[in-house]
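In what follows, chains are A, B, ... by sequence order, proteins preceding strands, each numbered from 1.
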There are 2 protein chains.
Amino acid sequence: MKITLDDFDHKILQILEQNARLSYAEIGRIISLSQSATKERVMNLVDNGIIRRFSVEVDYRKLGYDLKVLISMKFKNDDFRKFTADLEKFPEIVTCKRVTGEYCLITECILQDSSHLENLIDRLIPYGIPTTSIQLSEISLQKIKSNTKRLKR
Amino acid sequence: MKITLDDFDHKILQILEQNARLSYAEIGRIISLSQSATKERVMNLVDNGIIRRFSVEVDYRKLGYDLKVLISMKFKNDDFRKFTADLEKFPEIVTCKRVTGEYCLITECILQDSSHLENLIDRLIPYGIPTTSIQLSEISLQKIKSNTKRLKR
DNA sequence: TGTGAAATTTAATGGCG
DNA sequence: CGCCATTAAATTTCACA
């Protein structure tokens, strides 16, 4: 199922990506639409599942997590399933993607320091073979493409 | 600089990660704190830069972007800098991380289909050597560790 | 820092072009 | 689909503990 959005919907998404707490009234002012119409469109975006959720970007460095790494994992047999079932045991793993290619999984981990990393690797080794890359910096860009039709509820 | 949060702050962050549009009144109800105190804490989190921004998670599949891939890049000389300077020319690249290890950059790309991928690879090749992994699925988990001190403005 | 109350703004709903 | 008007709820501000 592919849903096409009109310009209003795209503008709303762009605004919400930058500040998801803006009032409907204020969003409406920016895009020249009434409160009620703006609210209805936001609710349509949520109801259609285009907006998965309203969230918050946290700066973990300020909380003492100064080390961000990508750990790629290789597994034998079905150890992959054991690992994903145990993911809750690894609070430092923030995302876990299953991918094609040399590695089975690529995880993003938020860590305090290198001894925290060492500890994590020790806990990963029973499941498979981890390969660690330290994330030096990140450029984050959010973009949505334009279509021209109105979103239906 | 490391900032420590108390239980109220942690609960607020957890709640906002799940629904960043909840009213201060409602958050306050959940954590048993008044509207005004809750609002002040959220504003402190923002002022301290712990909350980078309130955002929205978009389901791109519903917008016709059915293919998500990780593309790792190798570069010669300083082609790496040319590429990052030109990132705006690649609207399908959503994140771009500089990492240590075999590859210089790892990018996440949101694509419509395999011909879109082919087109992207053609545009990447002038900069460096891309290696593509298709993202089959993703498990996303947000967690914050507990400390016990009060956040200061 | 937290609470409670008053003034202002926003959200939610329903009727109408 | 969008606008306007009405009622309910939330935000903001401030005095006080």
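- At dC1(D), none of the side-chain N or O atoms of R41(A) fall inside 4.0 Å of OP1 or OP2 (strictly under the cut-off).
- No hydrogens or angles were tested; on distance alone, a donor-acceptor pair under 3.5 Å links the side chain of S36(A) to the base of dC4(D).
- L16(A) places none of its side-chain heavy atoms less than 4.5 Å from the side chain of V58(B).
- A stem is defined here as three or more consecutive Watson-Crick or G-U pairs, each with both distances under 3.5 Å; for DNA chain C these stems are C:1-16 with D:2-17.
- The shortest distance between side-chain heavy atoms of V69(A) and T132(A) falls below 4.5 Å.
- A straight line from NZ of K39(A) to P of dT6(D) spans 19 Å, rounded to a whole angstrom.
- A heavy atom lying under 4.0 Å from DNA chain C marks the following residues of residues 21-30 of chain A, by number: S23(A), Y24(A), A25(A), R29(A).
- I12(A) is listed as a side-chain neighbour of V42(A), based on a closest heavy-atom distance under 4.5 Å.
- A heavy-atom distance below 4.5 Å is not found between the side chains of I129(B) and M73(B).
- Looking at heavy atoms from C-beta onward, T38(B) lies out of side-chain contact with Q35(B) at the 4.5 angstrom threshold.
- Taking the nucleotide of DNA chain C with the nearest heavy atom to each of Q35(B) and F8(B), the more 5' of the two is matched to F8(B).
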Are K82(B) and D79(B) close enough, and set up right, to give a salt bridge (charged side-chain N to carboxylate O under 4.0 Å, His left out), and what steps lead you there?
CA-CA 5 Å; K82(B) 288 180 194 164; D79(B) 285 355; 3.4 Å; yes
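- The distance between atom CG of N44(A) and atom P of dA12(C), rounded to the nearest whole Å, is 14 Å.
- Straight-line distance from the CG atom of L33(A) to the C1' atom of dC1(D): 9 Å, rounded to whole Å.
- Whole-Å rounding puts the E40(A) CD to dT10(C) P distance at 20 Å.
- A donor-acceptor pair is defined here as one N or O able to donate and one able to accept, closer than 3.5 Å; such a pair exists between the side chain of T100(A) and the backbone of I134(B).
- Looking only at side-chain heavy atoms (C-beta outward), R41(B) and D6(B) come within less than 4.5 Å of each other.
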